[in-house]
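Order of the sequence lines fixes the chain letters, A, B, ..., with proteins taken first and strands second; residue numbering starts at 1 for each chain.
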2 protein chains.
Amino acid sequence: MNLRELSDLLGLSQTTVSRALNGYPEVKEATRLRVTEAARTHNYHPNTRAKSLATGRTMSIGHVIPLSNQHEMVNCVFSDFIAGAGESYARRGYDMRVSVVDDADEIEAYERLASTGKVDGVIVHGPRLDDERLPLLHQLGLPFVVHGRSSDCTTPYSWLDVNNRSALHRATNFLLDLGHTRIGLINGIEEMDFAMRRRDGYTTALEARGIKVDPDLTHAFEMTEPFGYAKTRDMLDLSDPPTAVIASSLIPALGVRRAVEERGLTIGKDVSIICFDDALSYLPNGAGSPIFTATRSSVRDAGRRCGEMLMDQIEGRTTEPVHELWEAELVVGQSTGPAPTR
Amino acid sequence: MNLRELSDLLGLSQTTVSRALNGYPEVKEATRLRVTEAARTHNYHPNTRAKSLATGRTMSIGHVIPLSNQHEMVNCVFSDFIAGAGESYARRGYDMRVSVVDDADEIEAYERLASTGKVDGVIVHGPRLDDERLPLLHQLGLPFVVHGRSSDCTTPYSWLDVNNRSALHRATNFLLDLGHTRIGLINGIEEMDFAMRRRDGYTTALEARGIKVDPDLTHAFEMTEPFGYAKTRDMLDLSDPPTAVIASSLIPALGVRRAVEERGLTIGKDVSIICFDDALSYLPNGAGSPIFTATRSSVRDAGRRCGEMLMDQIEGRTTEPVHELWEAELVVGQSTGPAPTR
DNA sequence: ATCATTTTCCAAAGCGCTTTGGATAAACTT
DNA sequence: AAGTTTATCCAAAGCGCTTTGGAAAATGAT
């Protein structure tokens, strides 16, 4: 059932039927009713491809996911973000187009999205310090919103970010206040902007108390469980081991916990742990009371809001770049306690 | 730059240019070269929407993700599947269209995908015992591949599934052979077909040794960490607690471990754990040697293969339904040992 | 040199929708 | 009653591509 068939059936022109269905005023209320009724009973739904060709709009939003063994974008955090974004898309009639591409083809993928007109806009994931994607998208004229920020980028753009610097600053201070001075950091890959900001918050807090950052206590890599485990083991082997560890995500924190418990040490007593909790639905930080003391900010909410920001931009509701900086909350769980006295 | 502009530029008709670019034989090799060259230098890429309107093909594949607080589809397992599927799509020029919908609108979402011609086919996630989506898609004539199976479904369809029954049968036998007789099961929601089959494997193995299933030892719910934790606590409180627990995924297994260690019990000695490991990239079962003894099957590989099966079907390379039953491998880790003697 | 083939190219008709620029009928003015 | 406005509706022209049915040019056969 297409528009022509439906309009033939109703004895109306395609114009009128189209207008009736799309809520234009140039059609009598009675006819509109007749049309919508017929559309429903005959189960008519306009062909998306034709509609999109005619309007120039696709009602879909792109997400480019680089896939490499180097750095893994498709992860739990990503899927929660997707869930949030997808939810906001659905509410406004959009959907999501995901392109999984080889690391090397990422730039080309954005160019292709723009030149073939597959999407009305894109969300940029995992920005790096000086991310080449942002000027590219700007130049391509493809609307975009960045989840995170790119510190050294000069082109204006909309972003939504968690205040990673302040989150880690507060987490570090929290541990310092408990008397810890040897504080390990299990960070994400530091080409990532968020990881750099986190390290900055950590460093600043330590140095404000006159503590120099010990390179043996800071590690940056893919945020997996085994990484947290391995690096914690290494740190516990030091002659002057840390009494607290900050992990960049719940997942490496699980590895930290494993390494600590394996040594027969008690969490929250011998070793304190704080992690950054993205409030993942599948891996909640405990049910009810939190397991880990954590800086928390829901990545799902971020996805939802990024989606809204992008759709607003696409629809011309906002014209200037929009920035949102969210503060993470510091929730106290069972994984932290005063520094052990030797 | 569109086709007309390009052909004007070349002094050729749109027909010839189109044919040259799409590899049709009715064009001189010299002209084809001239055309492809011009297309490259002028950075011409055919508009997807127009192409798709003309061909009737969209080169995209749908994934419908129901979102509810009841049952959470968007999770780590899902994202690894997506990564695999997306990879195979990219290789053959497809991409992925994800619709996040409210639980109640799921059926309608499939109908809409079909009637508006947004996709060439869909992957069905998380089939239930007698899943209404399969006959619906069959009737809509929309190609699909099921990740998993629907036991009570009579319409023919293509699927790829892990042999969940045999995996749990072997895991249970492995524990029985070690002398365990009180074996707990932390299962997924048992409306899900895979969970039902797992329970079946567990039950059959126990009963073959004359052991009756104890309802106090089997629990089914959303596969989260807190669920694994809570139920393990409950079971350890029993007068006759389990000496081994089988978890349906690595994530609840983490909860099981937490509950066990909290009691001061040793894993692999006081309590053995086996889990189903989907070989998630972000949450690997250890690096190198596995932490948990596990039945393992890569969900990412499954995504890859499901994508291929669906594209083969869409392109008419396969005409009959295809079935693939993968055997999970049983890898022995540090979480299992002989049943403790009382 | 003539006719039959084959090769190479083109004009034009869709694909299913939106939207512009009227036309017609109805309602309102004076 | 005639002129003016307004409310309804329509024919037709795109949107940018593919593809059908020829035509023109080049090639081969006689």
In whole angstrom, give the distance that lies between atom [atom1] of [X] and atom [atom2] of [N].
| X | N | atom1 | atom2 | value |
| --- | --- | --- | --- | --- |
| Lys51(B) | dC17(D) | NZ | P | 9 Å |
| Leu53(A) | dA13(D) | CG | C1' | 13 Å |
| Arg32(B) | dT8(C) | CZ | C1' | 12 Å |
| Glu26(A) | dT8(D) | CD | P | 10 Å |
| Lys28(B) | dA25(D) | NZ | C1' | 10 Å |
| His45(B) | dT18(D) | NE2 | C1' | 19 Å |

Determine: side-chain N/O of [X] to OP1/OP2 of [N], distance under 4.0 Å, yes or no.
| X | N | result |
| --- | --- | --- |
| Asn22(B) | dT18(D) | yes |
| Ser18(A) | dC17(C) | no |
| Tyr44(A) | dG16(C) | no |
| Tyr24(B) | dT18(D) | no |

Assess the side chains of [X] and [Y]: does a donor N or O sit below 3.5 Å from an acceptor N or O?
| X | Y | answer |
| --- | --- | --- |
| Asp193(B) | Ser151(B) | yes |
| Ser60(A) | Asp95(A) | no |
| Arg57(A) | Tyr94(A) | yes |

Specify the closest pair of heavy atoms between Met309(B) and Val322(B), including all atoms of both residues, with the distance to one decimal.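 Met309(B) and Val322(B) have their closest heavy atoms at CE-O, 3.8 Å.
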Residues from residues 2-15 of chain B lying under 4.0 Å of DNA chain D - heavy atoms: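 Hits under 4.0 Å, by residue number: Asn2(B), Leu3(B), Gln14(B), Thr15(B).
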Does the separation of the ring centres of Phe81(B) and His125(B) fall below 6.0 angstrom?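 Yes, they do, as the ring centres are separated by less than 6.0 Å.
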Are Arg92(B) and Asp312(B) ion-paired here, with the side-chain N under 4.0 Å from a carboxylate O?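 So Arg92(B) pairs with Asp312(B) through a salt bridge.
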Regarding Arg34(A) and Glu37(A), does a basic nitrogen lie under 4.0 Å from an acidic carboxylate oxygen?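 A salt bridge is absent here (no side-chain N lies under 4.0 Å from a carboxylate O).
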Looking across every strand, which nucleic acid part, if any, lies under 4.0 Å from Thr31(B) by heavy atom: base, sugar-phosphate, or nothing?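 The answer is sugar-phosphate, as Thr31(B) gets under 4.0 Å only of primed atoms, P, OP1 or OP2.
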How would you label the contact of Thr55(A) with the nucleic acid (heavy atoms, under 4.0 Å): base, sugar-phosphate, or nothing?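 Answer is sugar-phosphate: Thr55(A) comes under 4.0 Å of backbone atoms only.
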Can you tell me which nucleotide in [options] comes closest to the side chain of [X]?
| X | options | answer |
| --- | --- | --- |
| Ala54(B) | dG14(C), dC9(D), dG14(D) | dG14(C) |
| Arg19(B) | dT18(C), dG16(D), dT20(D) | dT20(D) |
| Thr16(A) | dC17(C), dC10(D), dT19(D) | dC10(D) |

